[in-house]
Structure formats: structure tokens, C-alpha cells
Amino acid sequence: MSEVVLRGFGWRHAGRRAWAVREVDLTITHGERVLLLGPSGAGKSTLLAALSGLLPEDSGEAEGTIEIDGLDPRKAREKSGIVFQDPQTQLVMARSGDDVAFGLENRGVPAAQIWPRVSDALDRVGFPYPITRSTSALSGGEAQRLALAGVLALRPGLLLLDEPTANLDPAGAALVRESLGSLRDTTTVLVEHRVAEALPLVDRVVVLEPGGGIRADGAPEVVFAAYGDRLADEGVWVPGFTIPPLKSATAATPDLVRGENLALAHRLAPVTLGVGTGEVLAVTGPNGAGKSTLALLLGGLLAPTSGRISGFGDRRPPHKWRAATLTGRIGSVFQNPEHQFVTSRVADELAVGPRRLGRPAAAVTTVVTDLLDRLRLTKLAGANPYTLSGGEARRLSVATALATAPRLLVLDEPTFGQDRKTWIELVTLLATLRDDGHGILAVTHDDDFVQTVADRTFPLGEARLRDPLPQRRRPRP
């Protein structure tokens, strides 16, 4: 177990005027389990990175102090383990078992202990493949399980978790929560938007104040009783606060894009599916079923190995359209927002699509200004997209898809990382686009999204393209 002490701690990313987090005074004692809450952009992920010693001195400005068992976090890294909001950023090896073993080997764990600990960690998170499974072949949710296994195998005194169940299907999320709940002698700091599900795992709630300081700190029932209404208004997912449905009042029109017996070898079994104007279609299903692959195929970003795709009255399939044609017809949002950023400024990112379509400079400026305002990104217009919080990056990725006003939006986990306020704003925006005649296909594990705005649901069912049952033995070199 580890003790955490922060005194007036703050951090400002290089090139940013506003502080990501500031004036934090906080003590977490040995073995405490803390749920860290706050609106999107309040500094939750930054604070976790600081606790793990992963904020390089030359990448920003720090103030105050932060200690782990009396040590600077950079000198206490062997005491802590972190699961990032984007798990792909911490996978370093080609094979899944090797990735979990990597941290153990680097910390000098005796060889005889490494592979039993790898096997135990993989089993605890329900990893469904043999240890030889390529990390590049994992879905987002599967990568999340693997990253968590890599940290659990280390048995850290301080466990730092940034949205550990965000990309997991319900069964996987439940298994991970069960695993976390069984931990003993571990100090835990958890960032999680699924507050109701996370509460059984924690004994304390800390709410960051946007702009600096701590809003509330105490037992969950005490914090929510005293601040629940205010926190919900400001964006915190307070249990018990419902959201009214935003279903379409009209029937969808014929398909904009349709796939017939659509398949991609080793990634998606044959699927027939179409999405029309005036509807929000939610694609659901377990991790590994091929949901993200289906989104890429229907978005024209991958070519199928069998079946056919048609749309917009074009004789050619979407993956053979010119880039400008595709951009004007279909807007795609990837599961990982950073995979689609191509500039160093938020405002420039929004201008890429309209400029590619040859829009006049004045029209581009109008589009950029409007989207910055609608998605609450105006204050970040000059920021580097790669310094945004997870929720901010997701809103930017959605905004880039909207910038060319496409008839069809294909969104992969569009509500990932959003606080309650931005979630409602984003879902309302999508409902408005739907009612204005756009078609929306959303891959999602967010049941609130499905219940609130989806007009139709397409479950892909069980993952059908897995390897044989896991074999937890060390692979040959």
C-alpha cells in the first residue's frame, strides 16, 4: 500500500494559458480507494499522470508538491501502476503475454514467478485469447483488458485507473469491477464516468473543482447528499439523475449506405446492414465481435474481403470514392480520437475537411467558429489536440466529422469520456442532426446512449472470430 500527499499541486501543459489542474491539497492514506470525479477537462487524467510520475519536467509547468510514500512520483514509479484512458498507448510488445510480462521483467521479478503472474492477471480480466495473440489484432476493449492485466500483474501499492471499463462490453466491465473489488492492500485512485457501477469499489469520493482546488471530499453518500444537484448541473454523473429520451418522431428513409453479406477476413463475419437518413442506429455487442471493423467498412475506410457495399446512388463502393467525395458524404469518428488528428491546433483540425472540399476561407472560418462553440471547445482553439483530455479529444473528433456537413455520420464510441453535461449536449446535437435528415450509425457500449437516442439497435452478437481457448503457457521465442 502507498500513501499519497499533494500540497498546492498544479500543472500547466507547455503552450497552454490555463492550468490543467491547480491548487490541489489532498491526502490519501494507505489502502484507501478513491473515486476521482469532476467535469470533462477538470484535470482528472492529468492528476493521475502526475501521481504516476509521467509528467516530464520539460513538457509543462508545475507548482506545489506531490509525494508517494514521501518520494517524488518520478522516484516512486515502482510503487505505482496506471491504466491510461487510451490503453493502446501502453501496449509495447507484439504478443499479448509478452506485453503483460514486460513490466515484470523490467522490475526484476524472478523468472519462475513471471508467467504464473501473467496467467493470473489475464484470467482476472477475462482476456479471451492465448498469450500468443498479436496485440495489433485486439479490439479497443480487448486492449483495455490487456493493459489492465499488465498493471495488475505488477501488484502495485498505488493503482491508478483512468476509465478502466469505458470500452468494455457489460460482461467484461462487470468482470473487471469484480477483479478490482477483490484487491487488498492496494491504494486505488479511480476515474470513472460510470459512477453508479464504480461506487461499490470505493470508500471515498473526491471532486475536482474546474479551475483549481477540490469541490468535495468524503464518503459517497455524504458528498452526493450535499452536492448532488450542483454536481449534476455541472456535469458529474450523479446516480439517480435521469435523462429524457430523444427518439425520432418519424420513420427513417431508404438506406444511405448498405452492406450485403459484408465481411473482412479474421475481423468480421458476414453482416447485412443498412443505415438511412433520419435515424440513429446503434451497433452493440461484445468486445471482439467486429463493431469497429463494421464502422470502418461502412465509412469507406476499409475494403471488404467479401460482400458488397453501396450507397448514395454511386455504382462504386465507398472505399473507391475520391477522398473529397467520401469526406463530403460520410463523416467518420474513430474509436481512438488521436488517430485522426493531423494538425497541431484545434481550430486547424476543424478546418481540414472544409478546405479539402474547396470551401471559401470565410465559410471555413464560420464552420470552425460554430463547431468550437457548439462543442464547448472555443477556449481550446489554439491548443494542441494531443494535449486535450479524453473527453475534449472525443468532442473534437466528432466536430471534425461534422465540419463537412456529411449526410451520414459513422461514430465509434461517440460518448466515451464525456461528463454528464457534455454527454447531454453531444447526444442532443446528434438527435438534432438526425431530425434534420442526417443518418447516424454509432458503435457503442453506452446503454444510456442506446436508451436515450437510438432509434434502432443492431447487436452483432458473440465474437465469432476468436482463437481457441486460452493456453496460459509461455510462448516459444
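- When all heavy atoms of G299 and L326 are compared, the pair lying nearest together is O-CD1, 3.4 Å.
- Here the closest heavy-atom approach between residue R394 and residue S397 is recorded as O-OG, 2.7 Å.
- Taking the side chain as every heavy atom from C-beta outward, V333 and Q340 approach each other to under 4.5 Å.
- Residues F127 and L138 meet the side-chain proximity criterion, which asks for heavy atoms closer than 4.5 Å.
- The distance from the CD atom of Q90 to the CG atom of L148 is 9.0 Å, given to the nearest 0.5 Å.
- Taking the side chain as every heavy atom from C-beta outward, Q88 and L91 approach each other to under 4.5 Å.
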Show your reasoning for whether side-chain contact (heavy atoms from CB on, under 4.5 Å) applies to V195 and V205. CA-CA 10 Å; V195 175; V205 170; over 6 Å; no

With salt bridge (charged side-chain N to carboxylate O under 4.0 Å, His left out) as the criterion, how do E197 and R177 come out once you've worked through the C-alpha distance, each side chain's angles and the decisive distance to 0.1 Å? CA-CA 8 Å; E197 291 85 351; R177 287 193 292 269; 5.5 Å; no

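- For H445 and E413, the side-chain atoms include at least one donor-acceptor pair closer than 3.5 Å.
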Run S96 and I131 through side-chain contact (heavy atoms from CB on, under 4.5 Å) and show every step you take. CA-CA 5 Å; S96 296; I131 54 180; 5.7 Å; no

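- Atom CZ of F341 sits about 4.0 Å away from atom CG of L396, to the nearest 0.5 Å.
- From I309, atom CD1 reaches atom CG of L262 across 4.5 Å, with rounding to the nearest 0.5 Å.
- Inter-residue side-chain proximity for T444 and V283 is flagged as unmet; no heavy-atom pair is nearer than 4.5 Å.
- Separation of atoms CD (E392) and OG1 (T422) is listed at 9.0 Å; rounding is to 0.5 Å.
- Between D419 and K421, no side-chain nitrogen of the basic residue sits less than 4.0 Å from a carboxylate oxygen of the acidic one, so the salt-bridge criterion is not met.
- Electrostatic pairing of R133 and E142 does not count as a salt bridge here, judged by no charged N lying under 4.0 Å from a carboxylate O.
- Under the 4.0 Å criterion applied to side-chain N and carboxylate O atoms, D448 and R194 are not assigned as salt-bridge partners.
- Looking at L375 and L426, their side chains come closer than 4.5 Å, going by heavy atoms from C-beta outward.
- In terms of heavy atoms, P87 sits closest to G140 at CG-O, 4.1 Å.
- Neither side chain, D455 nor S248, offers a donor N or O lying under 3.5 Å from an acceptor on the other.
- Partner of N336 under the side chain to side chain donor-acceptor pair (under 3.5 Å) criterion, chosen from D86, D412, T89: D86.
- Remark: L411 CG to L281 CG distance equals 11.0 Å, nearest 0.5 Å.
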For salt bridge (charged side-chain N to carboxylate O under 4.0 Å, His left out), just list the numbers for E234 and R215, CA-CA rounded to whole Å, side-chain angles, deciding distance to a tenth of an Å, and then say yes or no. CA-CA 11 Å; E234 294 182 354; R215 163 72 56 79; 2.7 Å; yes

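- In plain terms, the two heavy atoms of R16 and T387 that are nearest each other are NH1-OG1, 2.6 Å.
- The minimum heavy-atom distance between A232 and V238, with the atom names listed, is N-CG2, 3.8 Å.
- Remark: side-chain polar atoms of T365 are paired, donor with acceptor, to backbone N or O of A361 under 3.5 angstrom.
- A salt bridge links R456 to E279: one of the charged nitrogens lies within less than 4.0 Å of a carboxylate oxygen.
- The closest donor-acceptor contact from the side chain of K291 to the backbone of A442 lies at 3.5 Å or more, if one exists at all.
- A heavy-atom distance below 4.5 Å is not found between the side chains of P220 and L35.
- Atom-to-atom distance recorded for Y129:OH and L122:CG is 13.0 Å, nearest 0.5 angstrom.
- Using a 4.5 Å cut-off on side-chain heavy atoms (C-beta onward), L377 and L371 make no contact.
- Taking 4.0 Å as the cut-off between side-chain N and carboxylate O, D217 and R204 count as a salt-bridged pair.
- The side-chain heavy atoms of N287 and Q144, taken from C-beta on, include no pair separated by under 4.5 Å.
- For the residue pair E338 and Y386, the shortest heavy atom distance occurs at O-OH, 3.7 Å.
- By the side chain to side chain contact (heavy atoms under 4.5 Å, CB included) test, S306 pairs with A263, sequence neighbours left out.
- Within the 3.5 Å criterion, the main-chain N or O of T327 finds a donor-acceptor partner in the side chain of T404.
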